[in-house]
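To keep things clear, I will list the structure first and then write my remarks on it.
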Amino acid sequence: GKAYKIEPMPGHISGPVPGVLPTMWERLNYYGSISDCVINYGLIGVSLVPVWTGQMSTSMKSIFSVSAAGLQVLIWIAVPDCYGVSLAWSFLLGTFGYAFTAERDVAEEKRMLPRQSMIAASILNIGGFVYYAFTYPPITSVAHFCGAVVGYLAGALLLPKADTENKDETDALLSEQKGEP
């Protein structure tokens with residue numbers, strides 16, 4: 001494969017130094033890169049909106065939030081020289097992917113995660129994927145993709161299964177309530 005020389009990233013005050021592990025502060029603040037902090041913490045914030053405004057229990061909302069952060073910390077432990085928090089929003093994007101597929105036939109009122117905020121968060125997260133695909137080494141895109149896969153699997157394991165058995169009956173009742181024919 002192609003070897004990358006580790007140099008400060010654009011906009012960084014300092015940057016990764018070969019052979020020197022990042023401190024927790026450097027991991028969290030992208031070595032002082034304001035743009036990376038704004039992008040990544042903004043994407044995490046936007047991604048938490050559908051989680052915390054959805055119909056899941058508070059404990060399930062907490063589980064998804066902690067799981068997203070926990071994945072990032074596990075990677076910091078497994079790969080000591082990595083830094084950043086992008087796996088958290090990548091994880092949540094994967095969870096949204098699962099929710100879109102599992103709840104595609106479920107009325108909005110019964111969805112675990114609200115569709116409109118998931119769409120908005122997903123579009124912004126995909127923008128994050130694209131931005132980092134063009135500005136960082138390919139391993140960053142691999143990490144984002146893996147984070148999304150883990151999030152998808154977590155959604156499959158943890159999100160309640162959609163009730164599609166009674167979909168027609170439920171849709172008819174909702175239409176009646178709204179006064180639709």
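Starting from 1, each residue takes its place in the sequence as its number. Fair warning: this is a prediction, and the values are worked out from it, not measured in the lab.
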Next on the checklist: Quiz question: by atom type and distance under 3.5 Å, do the side chains of Tyr83 and Asp36 form a donor-acceptor pair?
Outcome noted: no
Checklist entry - Is the Phe91 ring parallel, tilted or perpendicular to the Phe64 ring (thresholds 30°, 60°)? => result tilted
Checklist entry - Can you name the closest pair of heavy atoms from Leu43 and Gly128 and give their distance? => result CD1-CA, 4.0 Å
Next on the checklist: Which heavy atom of Asn125 sits nearest to which heavy atom of Ser47, and what is that distance?
Outcome noted: ND2-OG, 2.9 Å
Next on the checklist: Would you say the rings of Trp89 and Phe129 are close, in the sense that their centroids are separated by under 6.0 Å?
Outcome noted: yes
Checklist entry - For Ser86 and Asn40, which heavy atoms make the closest approach, and how far apart are they? => result CB-OD1, 3.1 Å
Checklist entry - At what distance, to the nearest 0.5 angstrom, does NE2 of His144 lie from CD1 of Ile126? => result 13.0 Å
Checklist entry - So how far is it from Ile34 CD1 to Ile39 CD1, rounded to the nearest 0.5 Å? => result 12.0 Å
Item to check | Gap separating the NZ atom of Lys61 from the CE atom of Met56, nearest 0.5 angstrom | outcome: 7.0 Å
Checklist entry - Does Ile63 share a hydrophobic cluster with Ile44, counting links as ILVMFWY side-chain heavy atoms below 4.5 Å and allowing steps through other members? => result yes
Next on the checklist: Donor-acceptor pair, distance only, cut-off 3.5 Å: does the side chain of Trp76 make one with the backbone of Gly84?
Outcome noted: yes
Checklist outcome for this item: Note: Val51 and Ser65 closest approach over all heavy atoms is CG1-OG, 4.3 Å
Checklist entry - For the atom pair CG (Leu159) and CD (Glu103), what is the distance rounded to the nearest 0.5 Å? => result 6.5 Å
Item to check | Nearest-0.5 Å distance, OG of residue Ser90 to OH of residue Tyr132 | outcome: 10.0 Å
Checklist entry - Would you call Thr58 and Trp52 a side-chain contact if the rule is heavy atoms closer than 4.5 Å? => result yes
Item to check | Smallest separation among heavy atoms of Thr53 and Pro114, with atom names | outcome: OG1-CG, 3.4 Å
Checklist entry - Are Leu71 and Leu157 joined in one hydrophobic group, where the rule is that I, L, V, M, F, W and Y side chains link up if heavy atoms are under 4.5 Å apart? => result yes
Next on the checklist: Applying a strict under-4.5 Å side-chain criterion to I, L, V, M, F, W and Y, I'd like to know whether Ile119 and Leu48 cluster together.
Outcome noted: yes
Item to check | Interatomic spacing from CE in Met118 to CD1 in Ile123 - rounded to 0.5 Å | outcome: 12.0 Å
Checklist entry - What is the minimum heavy-atom distance between Ala99 and Leu113, and which atoms define it? => result CB-CD1, 3.8 Å
Checklist entry - Under a single-linkage definition using a 4.5 Å side-chain heavy-atom cutoff for Ile, Leu, Val, Met, Phe, Trp and Tyr, are Tyr131 and Val85 assigned to the same hydrophobic cluster? => result yes
Checklist entry - Would you call the rings of Tyr152 and Tyr98 parallel, tilted or perpendicular if under 30° counts as parallel and over 60° as perpendicular? => result perpendicular
Checklist entry - Does Val49 belong to the same Ile/Leu/Val/Met/Phe/Trp/Tyr cluster as Leu93, with side-chain heavy atoms less than 4.5 Å apart forming each link? => result no
